[in-house]
Amino acid sequence: SGNEKVVSVDKNGVIVANEKGSASIDVVLSLLHPTEKDKNGNPKVITKTSKSVRVEVKDPYIRSGPSLSNYFGNGGLVQIPADLKLTEIGQFAFSNYEYVDKDPSLVTDEDPSLSQAWFIGDDTITEVIIPEGVETISAYAFANLTALERVVLPSTLTRIDWGAFYGCTSLKTVIGIENVKFINESAFDGCALSGTVKLDSAVAIADYAFAGNRSLGSVILGESIQSIGANAFDTCNSITSIKLGNKLKKIGSEAFKSCM
């Protein structure tokens with residue numbers, strides 16, 4: 001590669017995009033004889049040609065107005081730039097999706113389609129830092145990111161939608177969750193949250209929001225909490241302490257099933 005800051009090539013010839021920009025890559029093509037060997041016992045090279053190829057790496061963050069609709073960058077730590085001026089992380093933004101057959105019982109006259117979008121996931125992203133200004137994380141935005149261990153949320157975030165972090169089986173730490181007001185269905189279902197989760201600003205926690213977090217030790221809910229959905233903390237069987245607010249009006253069925 002002529003510019004490894006933009007594009008690098010590993011020992012196996014795999015091209016890796018590192019940052020936005022352009023670079024040239026020298027490509028060598030070799031035609032090997034099917035049977036003849038050279039003096040070292042390797043397949044004999046019949047012809048060899050080389051060519052310089054120009055590669056352009058585009059911005060990995062795809063936006064639709066103030067919403068981040070897709071991310072196509074590298075794994076590891078992903079720090080979303082503040083200068084994107086986002087207010088929303090869109091549906092499937094990091095998990096991407098494919099269309100799968102819909103359960104026949106869900107096919108109705110009002111919604112006659114036979115397929116539905118379903119998340120794919122990722123196994124390379126380990127940490128995500130979301131910038132200030134983002135107010136909503138939409139449905140399945142980070143679903144099935146199985147290597148994700150840590151997320152930093154902005155103080156401006158008020159809503160986490162359906163299945164936003166569903167199936168992030170390595171997710172242990174979420175910084176800034178104490179600022180979130182609405183945590184929707186299965187938002188953290190099947191994660192690995194541990195220690196104490198402080199939900200100081202939460203108004204409503206939906207069904208299965210934290211279900212299956214088997215290492216979660218304690219939950220502290222602030223005075224703003226009004227509703228906890230059914231099975232919200234189902235099978236969080238390491239919980240030893242739960243603090244509820246005085247304004248709580250509704251606790252759904254089996255909200256704390258198999259806890260304590």
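- Residues F72 and Y61 keep their aromatic ring centres 6.0 Å or farther apart.
- A search for side-chain hydrogen bond (donor to acceptor under 3.5 Å, both in side chains) contacts involving S218 returns T196, not counting sequence neighbours.
- Evaluation of the salt bridge (Lys or Arg N to Asp or Glu O under 4.0 Å) rule for D234 yields no partner, not counting sequence neighbours.
- When every heavy atom of A143 is checked against every heavy atom of S95, the shortest pair comes out as O-CB, 3.2 Å.
- Using a 4.5 Å cut-off on side-chain heavy atoms (C-beta onward), N70 and N96 make contact.
- Across all their heavy atoms, A204 and I225 have their closest contact at N-CD1, 4.1 Å.
- In this structure the side chain of I228 reaches within 4.5 angstrom of the side chain of L244, judged on heavy atoms.
- Judged by distance alone, with hydrogens and angles left aside, the side-chain atoms of T156 form a donor-acceptor pair with the main-chain N or O of V134 at under 3.5 Å.
- Rounding to the nearest 0.5 Å places CG of D123 at 12.0 Å from CG of L148.
- The line from CD of Q226 to CD of E223 is 11.5 Å long, rounded to the nearest 0.5 Å.
- The only option from F165, F119, Y71 that meets the ring-ring contact (aromatic ring centres under 6.0 Å, His included) definition with F142 turns out to be F165.
- With contacts defined as side-chain heavy-atom distances shorter than 4.5 Å, the pair P66/L86 does not qualify.
- Considering only residues two or more places apart in sequence or on other chains, K37 meets the side chain to side chain contact (heavy atoms under 4.5 Å, CB included) condition with P43.
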With a 3.5 Å cut-off and sequence neighbours excluded, list the donor-acceptor pairs that the side chains of residues 248-257 form with protein atoms.
none

(request) With side chain to side chain contact (heavy atoms under 4.5 Å, CB included) as the test, would you mind laying out the steps for I177 and L199 before giving the verdict? (result) CA-CA 7 Å; I177 197 171; L199 303 170; 3.9 Å; yes

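- The salt bridge (Lys or Arg N to Asp or Glu O under 4.0 Å) test applied to E185 returns no partner, not counting sequence neighbours.
- Under the rule for a side chain to side chain contact (heavy atoms under 4.5 Å, CB included), the partners of T126 that lie at least two apart in sequence or sit in another chain are A147.
- Cluster annotation: V78 and L157 are assigned to the same hydrophobic cluster (Ile/Leu/Val/Met/Phe/Trp/Tyr, side-chain heavy-atom contacts under 4.5 Å, transitive).
- In terms of modelled atom types and a separation under 3.5 Å, the side chain of D38 and the main chain of G41 share a donor-acceptor contact.
- Proximity of a side-chain donor or acceptor of D122 to a complementary backbone N or O of T124 within less than 3.5 Å is detected.
- Under the 4.5 Å side-chain heavy-atom criterion for ILVMFWY residues, no single connected hydrophobic cluster contains both F188 and V203.
- Scanning both residues, A206 and A232, for their nearest heavy atoms gives O-CB, 3.7 Å.
- When hydrophobic residues (I, L, V, M, F, W, Y) are linked wherever their side-chain heavy atoms come within less than 4.5 Å, Y208 remains an isolated member.
- Between S215 and A192, the shortest heavy-atom distance links the atoms CB-O, 4.4 Å.
- Cluster membership for V128 and V197, using ILVMFWY side-chain heavy atoms within less than 4.5 angstrom, is shared.
- Pairs of residues two or more places apart, or lying in two chains, that qualify as salt bridge (Lys or Arg N to Asp or Glu O under 4.0 Å) and include a residue from residues 146-156 are E127-R150.
- Residues meeting the ring pair (Phe, Tyr, Trp, His ring centres under 6.0 Å) test with F92, sequence neighbours left out: Y97, Y140.
- In this structure the side chain of S69 never reaches within 4.5 angstrom of the side chain of R63, judged on heavy atoms.
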(message) Please determine whether side chain to side chain contact (heavy atoms under 4.5 Å, CB included) holds for the pair I239 and V219, giving the CA-CA distance in whole Å, both sets of side-chain angles, and the decisive distance to 0.1 Å.
(response) CA-CA 8 Å; I239 287 181; V219 178; 3.9 Å; yes

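- Open room surrounds OH on Y166; 12 or fewer heavy atoms of other groups in view lie less than 6.0 Å from it.
- Under the rule for a side chain to side chain contact (heavy atoms under 4.5 Å, CB included), the partners of D103 that lie at least two apart in sequence or sit in another chain are S105, L106.
- Screening residues 199-222 for salt bridge (Lys or Arg N to Asp or Glu O under 4.0 Å), with sequence neighbours left out, gives no hits.
- The minimum heavy-atom distance linking G195 with L216 is given by the pair O-CD1, 3.6 Å.
- Using modelled atom types, no side-chain atom of D189 and backbone atom of F210 make a donor-acceptor pair closer than 3.5 Å.
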(request) List the steps and the verdict of side chain to side chain contact (heavy atoms under 4.5 Å, CB included) for I89 and I80. (result) CA-CA 10 Å; I89 307 298; I80 303 172; 4.0 Å; yes

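- Of the listed residues (I137, T158, I205, L153), just one forms a side chain to side chain contact (heavy atoms under 4.5 Å, CB included) with V180, and that residue is L153.
- The shortest heavy-atom contact between S138 and A164 is O-CB, 3.9 Å.
- The distance from the CD atom of E132 to the NZ atom of K85 is 13.0 Å, given to the nearest 0.5 Å.
- Note on R159 versus D161: salt bridge recorded, some NZ/NE/NH1/NH2 to OD/OE distance being below 4.0 Å.
- Under a hydrophobic clustering in which Ile, Leu, Val, Met, Phe, Trp and Tyr are joined whenever their side-chain heavy atoms come within less than 4.5 Å, directly or via other members, I242 and F233 fall into the same cluster.
- Two residues are said to be in side-chain contact when any heavy atoms from C-beta on lie closer than 4.5 Å; I62 and D59 fail this criterion.
- By the 4.5 Å side-chain criterion applied to Ile, Leu, Val, Met, Phe, Trp and Tyr, V152 is assigned to a cluster that also includes L77, I129, I175.
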(request) Could you go through the side chain to side chain contact (heavy atoms under 4.5 Å, CB included) check for E178 and S201 one step at a time? (result) CA-CA 6 Å; E178 65 272 11; S201 303; 5.6 Å; no

